[in-house]
Amino acid sequence: MTPSSTAPSTAPSTRRSSSLLRLLASTGALLACAALAACGTRLTPTVAQVSGRSVEVVEAGAGDATVVFEAGLGDDWARWDKVAAEVAGRAQVFAYSRPGYGDSDPSGAPRTATRIVEDLRALLAARGFAPPYILVGHSFGGTYMELFAKAHPEEVTALVLVDSRPRDFTVACQGAGYKACIIPLSAVGSQVERDEVLEFASTSTEIRAAGTFGRYPVSVLTATSHPWAEPVEALWESMHGSLADEASLGRQIFFPGAGHYLQLERAHEVAEVILNLIPPQKS
């Protein structure tokens, strides 16, 4: 499904798969809160030793909820800085740099989605973060978090996919005869990025084998201004809608005019989506 042509030019609009879910707060409330966004917790990464490897981690905040962030292809934890800093005011937050990114040591293990998910679960356990989690992922990282949520539903309380790459996007895009469907290896910098791109082709099979979403909210955040042709944009938005429809508590939230890095362009709105999923503090 594509966004309505009458949608506001900047405010997110929501397409819900369940009437039980709340809409985002009004645009006025968002703007009022935005003035406070700069007061978020200051995040400082550290390098932890886990199973003999150096891993760059960010651990901040407090509360009953734990929010876990996964970055996209080629990105370290820092792309989440603005969002995670705001969320840390009400929850524990955990962000990290995957092997080979930032100050994290590379790994000789295959860069499959399953390996990345299981490495993250082991890292969370080693650092003392017990489930359940609110999972947040961007781009490739969103697809990895989709697998995490489906493979381990008992460890998840909510899932937020920030302009996540649809797992079958390349196949659907090429099948429709469109261009700009793949990420060319010539445009990929490091070896770890190349490895992730090459292994991504198997991600759809891994996700199908994992099963379906559990009974937790799934928010699919969709940017509408990518550097490609209108039919490709429409396909991206439609596939995001289909992903939201897979979840019994799923919703798609459009960000009209925003590009792929919603967590940078619209950090406060992304943080608000996450914060609205955090239950009240236990007394």
Side-chain angles (χ1 to χ4, degrees), residues 12 20-25 29-48 50 55-71 76-97 117 120-138 141-142 144-146 148-149 152-162 213-221 247 249-251 253 262-264 266-283:
L20 299 177
L21 291 173
R22 291 191 302 241
L23 293 175
L24 287 176
L30 286 173
L31 292 175
C33 293
L36 302 176
C39 300
T41 303
R42 181 178 178 83
L43 302 183
T44 303
T46 59
V47 178
V50 180
V55 183
E56 186 177 36
V57 298
V58 171
E59 303 166 347
D64 298 324
T66 299
V67 182
V68 180
F69 294 90
E70 183 72 82
D76 61 16
W77 78 271
R79 295 289 191 175
W80 289 115
D81 191 13
K82 294 180 180 179
V83 174
E86 186 170 351
V87 173
R90 283 185 47 202
Q92 296 185 94
V93 300
F94 180 90
Y96 78 116
S97 298
V117 166
L120 174 56
R121 293 179 68 234
L123 176 59
L124 287 165
R127 300 300 297 167
F129 290 89
Y133 312 112
I134 296 174
L135 302 178
V136 184
H138 171 248
Y144 299 149
M145 287 305 209
E146 178 189 350
F148 189 139
H152 305 284
E154 72 285 355
E155 298 181 7
V156 179
T157 57
L159 174 64
V160 180
L161 303 176
V162 181
F213 288 122
R215 288 284 299 176
Y216 43 73
V218 176
S219 300
V220 181
L221 280 54
L249 297 176
R251 63 176 178 175
I253 305 170
L262 293 173
Q263 71 270 46
L264 301 181
R266 309 284 282 274
H268 179 65
E269 290 101 321
V270 172
E272 281 292 295
V273 172
I274 300 167
L275 290 169
N276 285 338
L277 295 168
I278 297 174
Q281 293 281 358
K282 296 177 181 177
S283 57

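This chain uses plain numbering: 1 for the first residue, then up along the sequence.
Counting all heavy atoms, side chain and backbone alike, Gly63 lies closest to Gln92 at O-NE2, 3.6 Å. Val156 approaches Pro132 most closely through the heavy-atom pair N-CB, 4.0 Å. Nearest heavy atom pair, residue Val93 against residue Ala84, reads CG1-O, 3.9 Å. Taking both residues in full, the closest heavy atoms of Glu56 and Ser97 are given as OE1-OG, 2.8 Å, listed atom of the first, atom of the second, then distance. Nearest heavy atoms, Val67 versus Ala91: CG2-CB, 4.1 Å. Between Leu277 and Pro217, the shortest heavy-atom contact is CD2-CB, 3.8 Å.
Residues Met145 and Val68 have side chains in contact (heavy-atom distance under 4.5 Å, counting atoms from C-beta outward). Contact check for Val273 versus Arg251: side-chain heavy atoms found under the 4.5 Å cut-off. Using a 4.5 Å heavy-atom cutoff, the side chains of Arg79 and Phe69 are not in contact.
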| request: Mind running side-chain contact (heavy atoms from CB on, under 4.5 Å) on Lys82 and Glu86 for me, showing each step along the way? | output: CA-CA 7 Å; Lys82 294 180 180 179; Glu86 186 170 351; over 6 Å; no
| request: Starting from the C-alpha separation in whole Å, work towards a yes-or-no answer on side-chain contact (heavy atoms from CB on, under 4.5 Å) for Tyr133 and Phe148. | output: CA-CA 11 Å; Tyr133 312 112; Phe148 189 139; 4.0 Å; yes
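Separating the CG atom in Leu120 from the OH atom in Tyr144 is a distance of 12.0 Å, to the nearest 0.5 Å. Taking CD1 from Ile134 and CD1 from Ile278, the interatomic distance works out to 5.0 Å, rounded to the nearest 0.5 Å. Of the inter-residue distances, the one linking Ser219 atom OG with Leu161 atom CG reads 8.5 Å to the nearest 0.5 angstrom. Atom OG1 in Thr46 sits 5.5 Å away from atom CD in Glu59 (nearest 0.5 Å). Distance check, rounded to the nearest 0.5 Å: CZ of Arg90 to CD1 of Ile274 gives 11.0 Å.
With Tyr216 contributing its side chain and Ala149 its backbone, the two residues share a donor-acceptor pair below 3.5 Å. The backbone N or O of Glu70 lies less than 3.5 Å from a partner atom in the side chain of Trp80, making a donor-acceptor pair.
Across Val136, Leu221, Ile253, Val87, a single residue satisfies side-chain contact (heavy atoms from CB on, under 4.5 Å) together with Val270, and that is Leu221.
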